[in-house]
Amino acid sequence: MRARGRMAVSAPERAAFPANVLERIDRLLHRIGVRLLSQSWIRVLVWLSMIAVLIINASTMPSLYDAVVAIAIVVAVLHAATLVWALGRPWFAVVAATVAVAATTLLTAVGHGELPWPMPVITIVTCALMVFILAVREKWLLPVAGAVLPVLAGTLVGLPWHNGGWGRFATNVITAFSVCALVVIFGILIHQWQQSRAELLEQQEIAATAQERRLLMEERNRIARELHDVVAHGLSVISIQASTLQYRIEDVPAEVIAELDDITDSARSALVEMRGLLAVLRQEDSENLLAPQPTLSFLPTLIESTRRGAESVRLHVAGELDDPHVSEATSLSAYRIVQEALSNALRHAPGSDIEVSITITLQHVIVEVVNSAPTAPIRVTEGHGFGLRGMHERAGFVRGTLTAEPTPDGGFLVHAVLPCRQAEEGRTPQPEPDDESLAPPSGSEG
């Protein structure tokens with residue numbers, strides 16, 4: 001039974017092993033390819049290759065083919081320079097390579113003997129390098145022209161100097177053309193692969209940006225739906241109080257009754273317009289229309305449900321959770337901040353000790369959620385830091401402040417200061433924090 005169990009476990013592992021290896025190899029090759037094909041590295045490699053072929057070409061033509069030294073150096077410099085020109089002036093590089101190959105064929109025509117001719121080996125190598133540079137950087141027409149024109153020029157120039165033995169001549173031409181053709185095909189494949197990877201990365205970046213915006217809008221819509229209930233309740237109370245004042249207080253002047261009627265009409269109109277404006281936001285969450293919005297008084301229930309997940313969570317309260325001085329919007333925002341902070345702690349710091357502190361004063365509600373370093377393996381999740389962004393959004397809606405940062409002992413701290421009631425005068429909303437400031441280090445909330 002134990003052996004079967006081990007076999008049942010090891011079979012998926014063996015199946016996943018080649019896939020992991022292939023994935024790592026693909027990442028390594030992509031990293032190497034991007035590095036080698038980058039602007040800085042490719043220029044270094046091209047200049048090194050140019051120096052190498054220049055030295056070899058300038059030394060082999062006089063020594064092996066009895067070419068004139070001065071002319072051989074000039075032709076070698078021209079042919080080697082085509083590698084550098086291929087980076088910035090591709091068509092000029094193709095023309096220069098064609099002229100250099102034709103000149104090399106003429107220089108080596110007399111003394112070739114049994115050596116490769118009309119295109120020496122170093123000439124074929126130089127043409128192949130130029131064609132490869134063109135293939136990985138330009139469209140297919142340029143590398144094809146760079147492969148065909150120099151070989152064709154060497155063939156045509158060498159025909160009048162041919163002294164019999166077509167086999168060796170044809171073999172050299174076919175070899176040169178085959179090498180250049182293979183390099184063209186290989187370079188075009190690399191060019192297409194790089195383009196495909198670049199398009200894939202661009203699409204992934206666009207998708208990630210769209211997802212970030214969608215999640216941000218969903219969070220803001222959820223906050224707006226919740227605050228809608230709070231504002232609607234306040235407008236309803238204003239309307240009821242204004243319309244019933246004349247029945248609760250005797251001898252109310254007619255002018256005051258008229259003003260109260262205007263207040264009642266304005267409150268009802270504002271309530272209707274707000275409901276119409278936010279009707280779209282509530283369509284996606286119609287099943288929760290009748291659900292009561294949680295407040296600070298719901299925190300003990302939240303803490304108790306969190307404890308059932310085998311986590312150590314403690315709640316400390318200074319003041320009354322149902323204090324009437326705390327507005328419904330502030331109470332709702334404080335509850336949601338604690339809920340999100342607990343969720344982040346459970347997700348990113350399993351096994352940690354969590355302390356939740358709520359301090360209620362006459363002016364502020366202070367929320368503090370701190371967890372210790374995780375003691376269990378961290379669960380891998382697809383998170384992008386939107387939990388922290390949502391907490392900042394909620395604090396900003398009630399004109400509060402929130403900080404979220406790691407603690408020195410490896411834990412994480414969320415600290416929020418929310419006003420019990422918003423000031424009547426308008427203020428500038430809290431600026432939206434940058435993504436980098438919200439992104440916690442590995443193993444922290446977010």
Side-chain angles (χ1 to χ4, degrees), residues 16 19-43 87-88 90 133-143 186-226 277-286 336 340 343-344 347-348 378-397 402 404-406 412 429-446:
N20 294 335
V21 172
L22 292 177
E23 184 179 358
R24 292 181 179 180
I25 292 176
D26 179 69
R27 291 179 180 177
L28 178 62
L29 291 177
H30 175 66
R31 190 179 297 111
I32 294 176
V34 171
R35 183 69 59 82
L36 292 179
L37 295 179
S38 63
Q39 292 293 333
S40 57
W41 275 95
I42 198 170
R43 290 186 180 279
L87 296 176
I133 296 172
L134 294 176
V136 298
R137 293 173 58 87
E138 307 293 340
K139 295 183 179 180
W140 63 271
L141 182 60
L142 271 167
F186 183 65
I188 290 177
L189 291 177
I190 293 179
H191 180 71
Q192 294 296 327
W193 174 65
Q194 285 295 111
Q195 278 192 333
S196 300
R197 292 302 295 253
E199 292 176 358
L200 177 61
L201 292 176
E202 182 179 1
Q203 291 299 323
Q204 289 177 348
E205 184 178 355
I206 294 175
T209 303
Q211 182 184 16
E212 180 180 354
R213 291 179 179 177
R214 179 179 62 82
L215 293 176
L216 180 59
M217 291 305 300
E218 288 179 357
E219 180 66 19
R220 289 183 173 179
N221 289 344
R222 188 161 70 97
I223 296 173
R225 290 195 298 267
E226 294 175 351
L277 180 64
L278 298 178
V280 177
L281 301 178
R282 302 197 61 94
Q283 289 177 0
E284 299 178 357
D285 199 21
S286 58
R336 292 302 188 190
E340 186 62 39
S343 176
N344 287 340
R347 187 184 307 116
H348 299 288
I378 299 176
R379 306 178 185 97
V380 179
T381 58
E382 297 293 333
H384 298 278
F386 294 106
L388 294 179
R389 182 185 292 275
M391 288 190 286
H392 278 274
E393 290 280 348
R394 291 189 178 277
F397 270 116
L402 184 141
E405 58 188 5
F412 203 80
Q430 180 183 357
E432 180 178 312
D434 297 334
D435 291 346
E436 295 180 358
S437 64
L438 297 182
S442 178
S444 298
E445 281 76 5

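If you read the sequence from its start, that first residue is 1, and numbering goes on from there. What you see is a predicted model, and the numbers here were worked out from it, not measured in a lab.
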So which heavy atom on Ala135 is nearest to which on Ile188, and how close?
CB-N, 3.8 Å
Within-4.5 Å side-chain heavy-atom neighbours: Arg213 and Thr209:
yes
Nearest atoms (heavy-atom pairs only) where Asn344 meets Met391:
ND2-CE, 3.8 Å
Output for pair (Leu200 CG, Gln203 CD), nearest 0.5 Å, gives 8.0 Å
Could you tell me the separation between the CD atom of Gln204 and the CZ atom of Arg197, rounded to the nearest 0.5 Å?
8.0 Å
If I take atom CD from residue Glu138 and atom NE2 from residue His191, how far apart are they, to the nearest 0.5 angstrom?
8.0 Å
Looking only at heavy atoms, what is the nearest atom pair of Leu87 and Arg137, with distance?
O-NH2, 3.2 Å
Which pair of non-hydrogen atoms, one from Leu134 and one from Leu142, has the smallest distance, and what is that distance?
CD1-O, 4.0 Å
Under 6.0 Å from the CD atom of Gln195, do we count more than 12 heavy atoms belonging to anything else shown?
yes
Minimal non-hydrogen separation, His392 against Leu402, with atom names
CE1-O, 3.2 Å
